Each structure stands twice: as structure tokens, then as C-alpha cells.
> 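This is the structure, below, for whatever I ask next.
These numbers come from the heavy atoms of this one structure, side chains and all, not from hydrogens, waters or symmetry mates. Predicted model only: the values in this text are computed from it and were never measured.
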Amino acid sequence: MTDAPKPPTSGNTPTVAPNFITEIIERDLQSGKYQTIVTRFPPEPSGYAHLGHVFASFLDFQTANQYGGRYHLRMDDTNPELATQEYVDAIADDLKWLGWDWGEHFYYASDNFEQYYEYAEQLVRQGDAYVDSVSPDEMARLRGDSKTPGTPSEYRGRNMEENLDLLRRMKAGEFPDGAHVLRAKIDLSSPNMKLRDPVLYRILHGQHYRQGDRWCIYPMYDFQHPLQDALEGVTHSMCSLEFVDNRAIYDWLMERLNFDPRPHQYEFGRRGLEYTITSKRKLRRLIEEGKVTGWDDPRMPTLRAQRRLGVTPEAVKAFAAQIGVNRTNRTVDLAVYENAVRDDLNHRAPRVMAVLEPVKVTLSGLDEAKTLSLPYWPHDVVRDSPGGLVRLPTGERVDPAKAVRGVPLSSEIYIEREDFSAEPPKGYKRLTPGGTVRLRGAGIIRADSFETDDAGKVTHIHATLLGENAKAGGVIHWVSAAEAVPAEFRLYDRLFLVPNPEGEQADFLPDDEEAQGENGKAPADASYLRYLNPGSLRVLRGYVEPSVLRDPQDTRYQFERQGYFWRDPVESREDALVFGRIITLKDTWAKSTEASAGGPPSQGFPRKGRESTESTTAQAPLPTDPATAHRAPRTAAPLTPAQEAHLARLTSLGAAEADARIIARDEVLLKFVESAVQDGTFAQVASWTVNDLVAGLRAGSVQVQAADLAPLARELTGGRLTTRVARDALARAAASGEAPLAMIEREGLNAGLSDADLQEAIRDVLDANPNELSAYRAGKTALLGFFTGQVMRDTGGKAEPKKVAAVLKSALEG
RNA sequence: AGGGAUAUGGUGUAAUGGCAGCACAACGGUUUUUGGAACCGUUUGUCUAGGUUCGAAUCCUGGUAUCCCUGCCA
């Protein structure tokens with residue numbers, strides 16, 4: 001037996017946290033079921049990759065990475081009407097951008113149409129598939145529904161030769177679209193609708209982007225996907241939760257076609273992102289209606305757009321690694337993504353200054369224009385830099401003293417409009433009439449006077465440079481008017497105003513709309529459009545310091561106090577700079593002013609969900625929802641007369657009422673206790689049946705005989721056995737079929753435990769856990785359970801728990 | 001309705017019968033020539049009612065809630 005490779009515990013590459021799938025993988029590797037694991041990410045090339053795909057591809061690829069396996073990229077391009085080369089290229093390109101390298105393992109389902117077809121013929125020859133010739137409507141009708149089992153179509157009984165002949169003629173193109181389909185012959189009455197003879201092939205005359213018109217029958221997902229996994233040698237095939245029901249077909253196919261070793265399907269919960277939609281159709285509509293400029297509009301959730309926005313692949317992967325894996329569909333807080341993006345940029349983006357909404361300031365007290373040498377990095381980044389070196393915009397790593405740029409200063413400068421206030425709010429730390437503020441890197445100024453236009457808008461400020469011999473509460477950024485470079489700034493914000501744009505937002509509707517809306521419900525499909533954020537793009541014209549002209553085009557900056565920006569890779573020109581904001585800085589000042597103002601901020605941002613729910617619940621504590629108030633919880637269905645008879649019989653034998661009730665309504669349990677000994681031990685056996693054996697009984701995995709339980713129960717009630725020992729033995733006996741008491745006697749587990757042995761065990765446990773001991777003595781009494789558990793384990797369950805607790809307590813206190 | 005899946009702070013997760021932990025968010029403080037970052041601290045949680053057990057987030061039963069399935073899409 002070899003040790004399964006363990007995931008790396010440290011390092012810079014983001015890892016998949018342990019989850020139920022990695023557990024399965026470790027088990028499979030350990031048991032030798034597979035030598036190496038193989039995973040695949042299988043997009044349909046019918047749209048661009050988006051943030052929703054990031055999670056799935058990260059899970060597929062990184063899991064394989066961590067366990068020393070390999071991963072494939074595969075195009076599930078079986079639908080000729082949807083798949084295109086453009087999407088294939090875009091998806092592969094975006095995934096490469098993320099840093100994935102599948103080497104030669106890039107597959108197209110459509111390359112294997114021939115092999116799929118041969119398997120289809122095999123199924124027909126085995127009698128496992130047939131050609132059906134009813135119309136789609138008829139097939140839907142015959143399939144039945146949840147209450148009604150399906151009925152066979154008149155063609156289900158066609159013999160093998162006829163089926164084979166028809167299938168070949170379908171392939172040869174003898175029939176028009178929809179004339180026939182190939183169906184698996186599984187189970188028309190299955191409660192799992194997927195199993196009611198799923199369609200395997202359909203006739204579709206058209207052009208496939210890779211196969212042209214070579215084929216006129218195309219395989220369905222449920223046929224193609226498992227086959228392709230098996231053909232590629234995939235071991236662990238992960239997909240999202242909505243395919244749970246499809247797994248039955250997957251397993252059926254693997255079994256009928258005798259794949260060994262074979263892949264297995266595991267399903268995980270999807271992850272949505274707040275304020276984001278990922279539906280292809282809905283995203284396309286945003287483009288068509290001109291709400292955004294295209295698939296790469298920086299506000300879009302596509303990877304192309306996030307790339308253009310300036311988010312780095314490292315940030316995207318760090319985000320993916322933050323998200324946990326389980327079997328529930330969940331929505332991730334947007335802050336998790338934003339945090340990943342900021343965290344990545346903080347150590348990547350040199351600091352420079354740009355004024356987005358300029359106001360001119362004329363400075364007195366400055367003798368002559370000069371050029372200041374200002375550092376690219378703040379003290380903390382310098383302090384934390386590896387090797388003591390920091391990066392220049394060119395990427396070169398240099399001594400922090402050399403990581404500077406020249407910043408001209410003259411008597412005409414621009415500052416941010418928001419950084420001067422004639423009537424400052426409480427707590428304002430910027431420039432005010434007569435007040436002082438520090439110009440970043442240039443000294444302290446005092447505002448002497450200002451001019452306004454007719455509307456009262458400040459147009460010009462006159463200030464005095466006081467140098468260092470003054471005090472100032474705040475720091476603001478600036479650029480020198482003569483040398484500053486004009487630029488356009490695009491400030492992006494979330495596209496939607498509400499966390500879940502695809503759901504109903506009854507409490508969000510403006511009053512007038514709510515009045516006319518039907519019960520506050522928005523029309524189901526287009527409703528997301530009304531939650532569009534009208535402020536998702538703001539365009540400003542301002543100035544950036546001239547040093548940026550010397551930097552590489554793809555430099556990402558932090559414009560101090562403004563956020564992270566870079567040149568829009570599509571529209572920025574050397575002589576017409578366009579900077580897009582990748583993400584804002586956190587802004588606790590804006591948040592506090594917003595909160596005290598009591599209304600939405602100037603940009604019309606939504607409040608976060610938490611604040612709104614808090615306020616509503618705080619003001620209206622527990623408003624009983626009329627919809628639920630009337631609905632008393634339903635109780636269990638009443639017993640049938642036959643079950644009542646069972647119940648009476650079981651209780652007369654001594655079973656507890658609750659146990660008897662559970663057994664009475666369950667055929668499997670009834671059958672089991674039928675063979676139990678009907679004496680004083682019956683109550684205990686019934687209890688074990690209900691509490692310990694039920695899951696195994698239903699799964700059919702319980703080997704032990706009910707009659708063999710009586711001696712065990714007798715020993716237990718006689719006090720010659722602890723509950724722990726009895727239950728452990730019961731569990732093992734259930735699996736092995738051995739009589740549990742015989743097992744206990746063979747292993748000497750009924751030997752009992754002397755007081756001296758118990759004392760020693762407790763001493764050992766206390767010695768082995770000094771930290772817990774002192775924590776207990778310091779008042780953390782919750783650790784009593786921990787110590788009890790340790791003692792029970794040490795003694796193999798032979799200790800009497802009540803005694804353990806008593807003795808342990810005095811030992812702990814002493 | 002029938003079948004399936006799921007339920008742990010505001011959000012995402014960990015604890016595999018024995019200390020309810022971590023991250024993000026929020027809040028407070030320290031520090032800071034960015035109202036950034038960093039550092040320290042605080043608040044908040046096992047859907048519900050029973051059962052088994054010395055001990056239950058975990059096992060059992062009922063209930064509730066959410067999602068998925070009834071395409072010749074994937």
C-alpha cells in the first residue's frame with residue numbers, strides 16, 4: 001500500500017481546500033483503485049467563460065494538480081447549432097490566461113463521433129437501445145409524469161435487426177430531422193424521470209463547425225459525456241448538482257458497456273456571485289440593448305471582461321481558492337472577490353497620483369518650480385518586500401531608495417474637487433478655508449481664499465505653501481498643472497443594484513412601481529434589467545502625473561486615495577490616455593458619511609444586504625408572516641390499521657412506543673425484528689434496530705441476525721458490558737454477520753476494568769494533554785467532554801462513563 | 001404532487017460521536033505623509049420538535065425551508 005500524495009500545505013499557488021471530493025480521491029488512491037487521477041473541465045463552446053466557470057475549472061484542474069494527476073480540457077461540442085470555433089478559442093485562451101496548461105490533453109467530443117456511434121450499435125445489439133419513431137410531443141406524453149409511469153411506445157418492441165437497420169439508415173441520412181431517435185431501454189416506470197428511456201441520438205441535418213455535414217445524427221449529453229470521460233481515461237468526473245439524476249444513466253452506460261476501470265461522477269454545489277448574472281442569454285441581451293459595449297465590457301462577469309478590467313489571473317485563482325466545495329448551491333459575497341483583487345494589487349501596483357475631478361490651486365510661498373523625487377511604494381510594502389527589493393513599473397527589482405519617480409511641483413496645481421470643502425462636515429480631514437492639509441510629498445498648505453461660479457461651485461483656490469513648519473490633519477494628492485497629462489478616467493461599479501438580480505426583489509422596487517406591480521412581483525424573466533445600476537460607469541476627465549508616460553502600457557497603478565487603475569487595453573491611446581478603474585480602495589470615510597447622511601451616497605450605490613435586513617428586523621421584531629402563521633406544522637401520516645396492529649404487538653412485547661411506531665411503518669425493520677427473541681431483551685433490540693441498524697437495514701448491508709442480539713442485550717442490561725462496547729460490537733457485527741457477543745468474548749472486551757486501571761488511564765490522558773489540562777483548570781470546563789472521550793478511547797470503551805466522569809472530575813480539580 | 005439533493009454567524013466554510021474553529025464582512029483600537037495597507041481586539045452561528053447516548057452540528061424519526069428533475073439542450 002502506498003501513501004496517497006497529500007495536498008501541499010503551503011506555497012504560493014492557491015489550493016483546493018479539503019472537501020468531500022478530495023476525500024474520495026485520497027481513498028481511491030490509497031486503496032489502489034486508481035494509480036493516478038484524471039479530471040476534466042468540459043465546457044460547451046457556446047459562450048464565453050465567466051466567473052461562474054472559474055470555480056468549476058479551478059476545482060477540476062487544481063484538484064488533479066494537487067494529487068499529482070493530470071487534467072484535460074474538453075469541448076463538449078455535440079450540439080452543432082450552438083458550438084463554434086470562436087468560443088472554443090476564447091475559452092481555451094482565457095483558461096490559459098489563468099495559468100492552466102493541459103499539454104496535449106485538449107479534446108473535442110466531436111472528434112469521437114465515430115467511436116460513440118460504434119457503442120450505440122453495441123447497445124442495440126445487446127438489446128439495450130431501440131429506435132423510436134414517435135413525435136416529440138407523443139414521446140413527452142408517453143413518458144408520463146411523477147404520478148404516472150411511462151407507457152412504452154409502439155416501437156419499443158422492435159427487434160434487434162430492425163433497430164440496427166434503422167440506426168444505420170439514420171446515420172446514412174435517409175430520414176429528415178425528428179423522424180427517429182435512438183433511445184436507451186432502461187425503465188419507463190422509474191421515479192427518476194431521467195431513466196425513462198433517455199434519448200441517445202437525434203437526427204439533425206446541419207453544419208457542425210468541425211465535422212461539417214459528415215454527420216446527421218448527433219449524440220445527446222447523457223450518452224456522449226460518460227463515454228467521453230471513459231475514452232479519455234478520466235477517473236473523477238466532477239459536475240454540478242443538477243446532474244445528480246443523470247448519474248443513474250452514467251452508471252448504467254458504464255455497466256452495460258463494461259468499462260473497467262471506469263470513471264465516476266461526483267456532483268458539487270454551484271457558486272453564484274452577488275450582484276452578478278451568468279446566464280448567457282441574459283448577458284447577450286445586455287449587449288444587444290446597449291447596456292454594455294460587448295462581451296469584454298469591463299463590467300461584465302466574463303473572463304475576457306475581467307481581463308480587460310485589469311484583474312490578474314492570480315487574483316482570480318486566489319478568489320476561486322477562497323470558495324469552499326460542498327453539495328449545496330450557494331451565493332458568494334462579492335466582497336470575497338473584491339478582497340482577492342485588492343489583495344493582489346496592493347503588492348503589485350506602484351503608487352502614483354492622478355486627479356480625477358480637478359480644481360485649480362494657486363500656490364504662494366513656492367520660490368521656483370521643482371521636481372520632487374517620490375517613492376513608488378508606501379513604507380509597509382517596502383518593509384514586507386521579499387529580499388528587501390521592490391519593483392519598478394518596468395518590473396525590475398531595485399533597492400527601495402531607487403524605486404522613485406520625479407514629480408514636478410509648480411505654483412499651479414490641481415487637487416481633487418472632493419478634497420476642498422467650504423462647509424466641511426464633521427470629521428473632515430481635508431482642505432477647508434483657512435485650514436491646512438498636507439500635499440502628499442510636497443509639504444503643508446493653507447487655503448487662503450477661493451472663488452466660485454454663479455452656481456456656487458468652487459472654481460479656484462488660493463493657498464500658501466507652509467512647508468514642514470505646520471501641522472495638518474490630513475493628506476491629499478495633487479498634480480502640477482503645467483506638466484500633468486490629461487486623461488480620461490472610467491469608473492466602473494457593479495452592474496446591478498441588488499445582490500440577486502435574477503430573483504425577485506419586492507422590497508427594492510421604487511414606490512410607484514410597487515403600487516402598480518402585482519403583489520410586488522416583477523415579471524419573471526426581464527426583471528433583472530430593472531435592477532441595472534445606472535451608475536455602473538462614470539467617465540471623468542482629469543490629469544495624471546507625467547511619470548506614467550515612461551511606463552509599460554500594461555502597468556497597473558494605485559492612484560493614491562482613488563483606487564487601482566490601468567490603461568484600457570482596447571481604447572487607451574498614447575495621445576489620449578484612458579484609465580479604467582480596476583477596483584476602488586476601501587473607503588471608510590465615504591461609508592461613515594453615507595451612514596450619517598442616512599441616504600444613499602452620491603453615486604447611488606446600494607446598501608449592502610446586511611444593513612437593510614438589519615434595519616427591517618430591528619424595527620419590526622418577528623412580524624409573523626401571515627403566509628406561514630396559518631400553516632401549522634404537519635405531523636406524521638396516521639398509521640394504517642395493519643400498522644396499528646404491528647404497533648400494538650410490538651409494544652406488548654416490550655418495545656418503547658416511539659421505537660415501535662417507527663418499526664411499524666417500515667417493512668424492512670418489521671421483517672428484521674420478526675426473528676428477534678421475544679423476551680425481556682426485545683425492547684433493547686428494538687431500540688438498536690431503530691437507532692443503530694436502520695440505515696444499514698435499508699441499504700441491505702446488515703449481516704447480523706436479530707436473534708443473535710438477545711445475548712448481547714442481556715449482558716448489557718446485566719451490567720456486565722458498557723453501552724460503548726455493546727454498540728461498537730453491534731456495528732461491527734452488522735458488517736461481518738458474526739454474533740456480537742461471541743466477538744466480544746473472543747476479544748476479551750467484557751473483561752471489565754479495575755479501579756486501578758481506570759486511575760492509570762486517567763493519569764495517562766492528563767499527562768498527554770497538559771495544555772487542555774491547564775485550560776480546564778483556568779475555567780474551560782467544556783473540556784470535560786474532551787477528556788472523557790480520551791479516556792473512553794484509551795480504555796477501548798470498557799470504562800463505565802458515569803464512573804469516568806466522577807473520577808475524572810476529581811482528578812482534574814486535584 | 002412523485003423522485004432526488006441540501007440545511008453551521010451577515011457570507012463562504014471546518015469540526016467524520018468528545019474544546020463549535022477559520023476566512024471575508026461588520027464594529028472598536030493601535031499605527032500610518034493613502035480616511036489604503038498592516039497589527040490587536042469585539043460582536044454574531046449548528047433550521048425545528050422529539051429520540052438514542054455519559055456525551056449529538058454529527059446517528060435515528062417527524063416536520064419546515066430551499067434547490068434540481070418530467071428537452072430530440074448541456
> In whole Å, what separates the C1' atom of B:A15 from that of B:C73?
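Taking atom C1' in both B:A15 and B:C73, they lie 41 Å apart.
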
> Measuring only the P atom in each nucleotide, how far is B:U46 from B:G12? A whole number of Å is fine.
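Each nucleotide's P atom is 16 Å from the other's.
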
> Show me the protein contacts with nucleotides 71-74 of chain B, counting only N or O atoms at under 3.5 Å.
from  : atom 1 : to       : atom 2 : distance (Å)
B:C72 : OP1    : A:Arg143 : NH2    : 3.4
B:C72 : N4     : A:Val134 : O      : 3.1
B:C72 : N4     : A:Gly178 : O      : 3.3
B:C73 : OP2    : A:Arg202 : NE     : 2.6
B:C73 : OP2    : A:Arg202 : NH2    : 3.3
B:C73 : O2'    : A:Asn79  : ND2    : 2.9
B:A74 : OP1    : A:Thr78  : OG1    : 2.9
B:A74 : OP1    : A:Arg202 : NH1    : 3.4
B:A74 : OP1    : A:Arg202 : NH2    : 3.3
B:A74 : OP2    : A:Tyr221 : N      : 3.0

> Among B:C60, B:C67, B:A38, which is the nearest nucleotide to the side chain of A:Asn329?
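Among B:C60, B:C67, B:A38, the one nearest the side chain of A:Asn329 is B:C67.
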
> Between B:A26 and B:G21, how far apart are the P atoms? Round to whole Å, please.
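After rounding to an integer number of Å, I get 22 Å for this pair.
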
> For RNA chain B, report each stem as range with range, ordered by first number, or say none. Use Watson-Crick or G-U wobble pairs under 3.5 Å, at least 3 in a row.
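As far as RNA chain B goes, consecutive pairing (with distances under 3.5 Å) yields the stems B:2-7 with B:64-69, B:10-13 with B:21-24, B:26-30 with B:38-42, B:47-51 with B:59-63.
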
> Which whole number of Å gives the distance between the C1' atom of B:U11 and that of B:A25?
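About 7 Å, rounded to a whole number of Å.
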
> Once you round it to whole Å, what is the distance between P of B:U11 and OH of A:Tyr337?
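So the OH-P distance, A:Tyr337 to B:U11, works out to 22 Å.
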
> Check this for me: does any side-chain nitrogen of one of A:Glu468 and A:Arg438 sit under 4.0 Å from a carboxylate oxygen of the other?
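Salt bridge: yes.
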
> Using a strict 4.0 Å threshold on nitrogen-to-oxygen distance, state whether A:Asp137 and A:Arg141 make a salt bridge.
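No salt bridge links A:Asp137 with A:Arg141.
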
> Starting at the 5' end of RNA chain B and moving along, which residue's nearest nucleotide shows up first, A:Ile476 or A:Arg247?
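That would be A:Arg247.
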
> Just to be sure I understand the rule, does A:Gly150 reach a base, reach only the sugar-phosphate, or reach nothing, if contact means heavy atoms closer than 4.0 Å?
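The answer is nothing, as A:Gly150 stays clear of every strand by at least 4.0 Å.
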
> Could you verify whether a donor N or O on one side chain and an acceptor N or O on the other, from A:Gln790 and A:Glu772, lie under 3.5 Å apart?
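No donor-acceptor contact under 3.5 Å links the two side chains.
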
> Quantified in whole Å, what is the P atom distance between nucleotide B:A14 and nucleotide B:U8?
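Pairwise P distance, B:A14 against B:U8, rounds to 11 Å.
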
> Parallel, tilted or perpendicular for A:Phe565 and A:Phe559, by the 30°/60° rule?
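Rings of A:Phe565 and A:Phe559: parallel, under 30°.
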
> Go through the steps for A:Tyr201 and A:Phe223 under the test ring-ring contact (aromatic ring centres under 6.0 Å, His included), then give the verdict.
CA-CA 8 Å; A:Tyr201 268 95; A:Phe223 184 63; 5.5 Å; yes

> At under 4.0 Å between heavy atoms, what does A:Arg351 touch on the DNA or RNA strands: base, sugar-phosphate, or nothing?
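Base, at least one base heavy atom under 4.0 Å.
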
> So A:Lys586, base contact, sugar-phosphate only, or nothing? Heavy-atom distance under 4.0 Å.
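Sugar-phosphate contact only.
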
> In terms of the nearest nucleotide of RNA chain B, which residue is placed more toward the 5' end: A:Leu783 or A:Arg698?
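Between the two, 5'-proximity favours A:Leu783.
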
> Answer yes or no for this row: A:Trp589 ring on B:G35 base, centroids under 5.5 Å, planes under 30°.
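The base of B:G35 is stacked with A:Trp589 (centres under 5.5 Å, planes under 30°).
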
> Mind checking A:Ile662 for me? I need base, sugar-phosphate or nothing, with any heavy atom below 4.0 Å counting as a touch.
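Answer is sugar-phosphate: A:Ile662 comes under 4.0 Å of backbone atoms only.
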
> In whole Å, measure the gap between the C1' atoms of B:U52 and B:U58 for me.
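It works out to 13 Å between them.
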
> Applying a 4.0 Å non-hydrogen cut-off, can you work out what A:Thr788 is touching in the nucleic acid: base, sugar-phosphate, or nothing?
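The residue A:Thr788 makes base contact.
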
> With C1' as the reference atom in both, quote the distance from B:G55 to B:G18 in angstrom, rounded to an integer.
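Rounded to whole Å, the distance is 7 Å.
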
> Take A:Tyr376 and A:Arg351 through the test side-chain contact (heavy atoms from CB on, under 4.5 Å) and record every step on the way to the result.
CA-CA 5 Å; A:Tyr376 274 119; A:Arg351 274 58 165 175; 5.9 Å; no

> C1' atom, B:A38 versus B:U32: distance in rounded Å?
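Between the two C1' atoms, the distance is 9 Å.
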
> Using a cut-off of less than 4.0 Å, is there contact between a side-chain N or O of A:Arg330 and OP1 or OP2 of B:U11?
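Answer is no, no contact under 4.0 Å.
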
